[in-house]
Amino acid sequence: MFFGTHCSENSKSSGAFTNFAHVQHIFNAMDYNHNEIDKKWQQIWAEKGTYHAPNSSEQPKFYVLDMFPYPSGAGLHVGHPLGYIASDIYGRYKKQKGFNVLHPMGYDAFGLPAEQYAIQTGQHPEKTTAINTSRYREQLDNIGFGLDWSREFKTTDPAYYKWTQWIFIQLFDAWYDQSNDKSRHINTLIDHLNKNGTEGLRAAETETLELTAAQWNAMSEKEQSEVLLNYRLAYRSESNVNWCPALGTVLANDEVKDGMSERGGHPVVQKQMMQWSMRITAYADRLLEGLDRIEWSNALKETQRNWIGKSVGAALFFDIKNYPGQIEVFSTRPDTLFGATFLTLAPEHELVDAITTDEQRAAVAAYKERAASRSERDRMADTKTISGCFTGAYALHPINGTLVPIWIGDYVLASYGTGAVMAVPAHDSRDYAFAKYFNLPIVEVVEGGDIALESYDAKSGKMVNSDFLNGMDCMDAKGKMIAHLEQIGYGKGATQFKLRDAIFGRQRYWGEPIPVYYDNGIPRTLPLEDLPLTLPAVDAYLPTEDGEPPLARAENWTYNGLPLETTTMPGWAGSSWYFLRYMDAHNDAEFAGKASTQYWNQVDLYVGGSEHATGHLLYSRFWTKALYDLGHINFDEPFKKLINQGMIQGISAFVHRINGTNTFVSAGLKDQYETHPLHADVAFLQGDELDVEAFKNWREEYTDAEFILEEGKYYCSREVEKMSKSKFNVTNPDEIVSKYGADVLRMYEMFLGPIEQSKPWNTQGLSGVAGFQRKFWKLFHMGGAFNVSAAPAEKKALKAVHSCIKKVSEDIENFSFNTSVSAFMIATNELTDLKANNRELLEPLVRLIAPFAPHLAEELWEKLGEMGSVTHTAYPKHNESFLIESSKNYPVSFNGKVRFQLELPLDMAKDAIEKTVLEDPRTVEQIGEKQVRKMIVVPGRIINIVIG
RNA sequence: GCCUUGGUGGCGGAAUUGGUAGACGCGCUGGAUUCAAAAUCCAGUUCCUUCGGGAGUGCGGGUUCGAUUCCCGCCCAAGGUACCA
């Protein structure tokens, strides 16, 4: 047979070997024909359902999961499988360790790219989604993942989103009871209101309501429904939203980055709208607490903690001079109350107009207008400029009654806390800057800084100028002040969160319809038997002329003649619970059967990117907790252990065009001209050298391009960037697979470095792993034939194999896959040197490498004459007795510097070692005229002699 | 600014509780093989060196017989977050 497998020419894709027929050479059993072997085993696995995991088993369970991929039109690049390979290795390892391993895969297929494409082409997004998912599937299959494909689904399948809608309804029918610290069915709230009104009610709410039972019972159904929306976990309210005009939809906070939409980078503005939201803030404390019970990276936990942003302090009330109301402020530093020399309100604060004096009215109005005209983005971009305006009004200090001027300033945000702060310029840098700018008094109340120069923000120091707090440590003073304020009725302990409720409705087509209809303005949910509420056909995937979402275009978008909700769910809805569906993916009666969720329980190992820290990973924790509270599942954290895989970056290539010409200059000469860099496709490069012809044929505009060469070659400059189609630096895994085989891709991606680290994709090292695979295969062959000896192995070889077993097993447990690959290389090199081909050595080695290189392992397993799949065999255990050494080559140091080595028996006593070392002529030479001050002998480790 | 994670040869990266820094791989250099090349195999490869040694894990200190590892103070990079009171 003729193949071109080992040729080094850059072939583009599978089946391309005819392109380099000139380097074909004769194949024999010595060679590993990866194309044939990969396909053979992938087919056998699929036919036999090798990776199918039953929903009950004698074996302990293990649930491994990769973050839900969004199947984009670009297909997979080599960065995507990094995490999948790691989870696959771990899952296969666990399976060989005797676990019933669930490792499923599916697609998060609702979302903007498919919809944008639909808008451009008029094609139903369903079509592109189907094309993209099958492409993903094909690429995943090529890598040989041990996935249980019988559980595959897409979020866009009505059979799946039926249950996404059902969960929405559960959340709509729930409220958060703070007295029990859990969500409960809305009927329990209605009971409470019927009997007691809001008296004794402690609930997560949009605003605080005070109702007597009589008032509640006197309300119309519609009025009552509005009251209930104040408490439901899925609720509708008039709220300030991030509106993205370019996308024509609202976005959640985590979908906005630097005032721009995360997808597409379009400007986002603030707007008041009636919106569906999710009351995630009800869970703020539990989302924080749960972090202590899960094994996630510190960085990720910190990101979530920052996002939730809990601050503990006090609510304080200031009376206003000549005005009946009070101003409530939130402060984390009530201990500094005696240093509060003014109050600052957000320009939008509701009391501003009421308290402003006539003299200041014009100035305040002008300032308010100015502040309102500045977008959120401008305010963010420009935090250095200090601005504000005095209202003319004064508050009264709650303790000593002194007059405190009330200012407005846009450094105070209306949306956080009460939209008002007590300004303590001596101990808050923002207040300090404001006070300096407007020449307001600064009073030091905590010792430790120099307030003439800057504010002293640190939370330590003794209190001064603070009446009854003087001399106390400020952190102790904080508690005392709160107690005092509570006593005099001017404050209480309070907690604030940065976390906002999540906007849930999207003015888009390609999402799950929200299963709600409006009965005389009252939102009602569809009964289970009418789910799923499937996406209707529309004539265009655009808003209607009067700005209604696309679903408003659908004919008869009604339920029993009543209008249905026209917004759809956000991208994160379907991905917030998919890990539960995999447990029982085809259940038509429930979102997942109780027996299945109890058996599979939490995801034991979750692998994915850290970019989901404040979105998906927070929302799934929230839904899991809510489903737990409502009794649907029996665990309240979805992902027990999480590993963040790093990003694989691309190394972009640039050509340099001389400005205003079609002439390109090689990288080394570019500084001699005025040039502009342009991306060139990395496929045209061999090293840094550009294939000029390929480049010319790339695009019409380059056909006539001219090139200024260096030594007859055109070199590109290189830069590490995010791997992306638009940067032409993408490497497709299929290319690697067809050229080197799936196992080489798998091992190379692992060999690249620690899984958590980001690193550029560099194909140079691939040949090393390919060479290893060939060498490994050759251990089993001699003179062209499979050749494994039944004779017992020699000691050295046994030691090589068993130390490899030990190292690899430990490494897998520590997710240190790069060092496992090294360990395989070391063992293979040693066995090659020893010319060892004993079955006793090679058989366990095949089982050991199976998680990393499953195709290779299966093929060798079959050749060894073993029955069944190697994935069903036990993972090898090392035998410590093969590893025991009898002697140690001691490094002998003088003053910490190694001078020579000395081979000594390991069981030699300390004083005997000292004696031997001191008698050694090399020791005598090192000591020379000097004295031995001290001698350190650590048996089995080192010998150090201190001389001087 | 704050939080988190990092910083080791030409490159990707190793190094157990503090105990021979640079495993493994790439690249490079020399050699074998070849008409020649590719592939393969062998040897070498942290830097400096007067060939005795000396320096060396971002920088400066410290603890220790001994520090990539522990402590203190800085610098730099990546990611997250930001008038959050």
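A quick note: this is a predicted structure, and the numbers were derived from the prediction, not measured. Naming: A, B, ... by sequence-line order, numbering from 1 per chain.
Atoms CD (A/Glu611) and P (B/rA78) sit 18 Å apart, rounded to a whole Å. Note: CG (A/Asn298) to P (B/rA78) measures 21 Å, nearest angstrom. Atom CZ in A/Phe751 sits roughly 8 Å away from atom P in B/rC26 (whole-Å rounding). The interatomic distance linking A/Gln901 (CD) with B/rU20 (P) rounds to 11 Å, in whole Å. In this structure, A/Arg933 atom CZ and B/rG66 atom C1' are separated by 18 Å, rounded to whole Å. In this entry the distance linking CZ of A/Phe824 with P of B/rG25 reads 15 Å, nearest Å. Counting to the nearest Å, the P atom of B/rG13 and the CD atom of A/Glu756 are 13 Å from each other. Remark: P of B/rA85 and CG of A/Leu316 are 14 Å apart, rounded to the nearest angstrom.
A close approach under 4.0 Å does occur between a side-chain nitrogen or oxygen of A/Arg774 and OP1 or OP2 of B/rU40. An OP1 or OP2 oxygen of B/rC65 is reached within less than 4.0 angstrom by a side-chain nitrogen or oxygen of A/Lys934. For B/rA85, one of the phosphate oxygens OP1 or OP2 lies less than 4.0 angstrom from a side-chain nitrogen or oxygen of A/Ser311. Residue A/Asn829 has a polar side-chain atom (N or O) positioned under 4.0 Å from OP1 or OP2 of B/rG25. At the phosphate of B/rC11, neither OP1 nor OP2 sits under 4.0 Å from any side-chain N or O atom of A/Asn762.
Remark: the separation of the C1' atoms in B/rU45 and B/rA39 is 23 Å, to the nearest Å. To the nearest whole angstrom, the two P atoms, one in B/rC74 and one in B/rG25, are 42 Å apart. Going from the C1' atom of B/rA67 to that of B/rG79 covers 29 Å, rounded to whole Å. Comparing the C1' positions of B/rC26 and B/rG9 gives a spacing of 13 Å, expressed to the nearest Å. Here the separation of B/rU20 from B/rU57, taken at their P atoms, is 16 Å to the nearest Å. With both ends at atom P, the span from B/rA15 to B/rU68 equals 15 Å, rounded to whole Å. B/rG6 and B/rU16: their P atoms are spaced 15 Å apart (whole Å). When the C1' atom is compared between B/rA21 and B/rC72, the two are found 25 Å apart, to the nearest whole Å.
Remark: the A/Asn829 side chain and the A/Lys775 side chain contain an N/O donor-acceptor pair separated by less than 3.5 Å. Under 3.5 Å, the side chains of A/Asn944 and A/Ser893 contain no donor-acceptor pair of N or O atoms. There is a side-chain donor-acceptor pair under 3.5 Å between A/Asp501 and A/Thr281. A/Thr916 and A/Tyr890 share no donor-acceptor pair across their side chains, judged by distance under 3.5 Å alone.
Across all strands shown, A/Ile936 has heavy atoms under 4.0 Å from base atoms, whether or not it also approaches the sugar-phosphate. Residue-level contact check: A/Pro754 touches the backbone only, with heavy atoms under 4.0 Å from sugar-phosphate atoms and none from bases. Using a 4.0 Å heavy-atom distance criterion, A/Arg500 is classed as making no nucleic acid contact. Among the atoms of the strands shown, only primed sugar atoms or phosphate atoms (P, OP1, OP2) are found under 4.0 Å from some heavy atom of A/Lys897. A/Thr344 comes within contact range of no nucleotide atom at all, as no heavy-atom separation falls under 4.0 Å. Residue-level contact check: A/Asn889 touches the bases, meaning some heavy atom is under 4.0 Å from a base atom. Looking at heavy-atom distances under 4.0 Å, A/Asn944 makes contact with a base.
Judged by Watson-Crick or G-U wobble contacts below 3.5 Å, the nucleotide B/rG6 has B/rC76 as its partner. Across every strand in view, B/rA55 sits in a pair with B/rU46 that passes the Watson-Crick or G-U test at under 3.5 angstrom. With a cut-off of 3.5 Å on both Watson-Crick or G-U wobble distances, the partner of B/rA21 is given as none. Under the Watson-Crick and G-U wobble criteria, each requiring two contacts below 3.5 Å, nucleotide B/rU64 is left unpaired. Pairing partner, B/rG1: B/rU81, with both Watson-Crick or wobble hydrogen-bond distances short of 3.5 Å.
In this structure, A/Arg621 is positioned above the aromatic face of A/Trp296, its NZ or CZ under 6.0 Å from the six-membered ring centre and within 45° of the axis.
Considering only side-chain atoms of A/Trp307, the nucleotide from B/rU81, B/rG27, B/rA14 that sits closest is B/rU81. The side chain of A/Tyr416 has B/rA85 as its nearest neighbour among B/rU81, B/rA15, B/rA85.
One N or O on the side chain of A/Ser455 and one on the backbone of A/Ser429 form a donor-acceptor pair closer than 3.5 Å.
Centroid-to-centroid, the aromatic rings of A/Phe434 and A/Phe342 come within less than 6.0 Å.
Comparing A/Ala823 and A/Ile945 by the nucleotide of RNA chain B whose heavy atom lies nearest to each, the residue mapping closer to the 5' end is A/Ala823. Comparing A/Gly419 and A/Glu925 along RNA chain B, the residue whose closest nucleotide (by nearest heavy atom) sits nearer the 5' end is A/Glu925.
The base of B/rU5 does not come close enough to the side chain of A/Gln757 for any donor and acceptor atom to sit less than 3.5 Å apart.
Between A/Phe338 and A/His397, the two ring planes are parallel [angle under 30°; tilted spans 30° to 60°].
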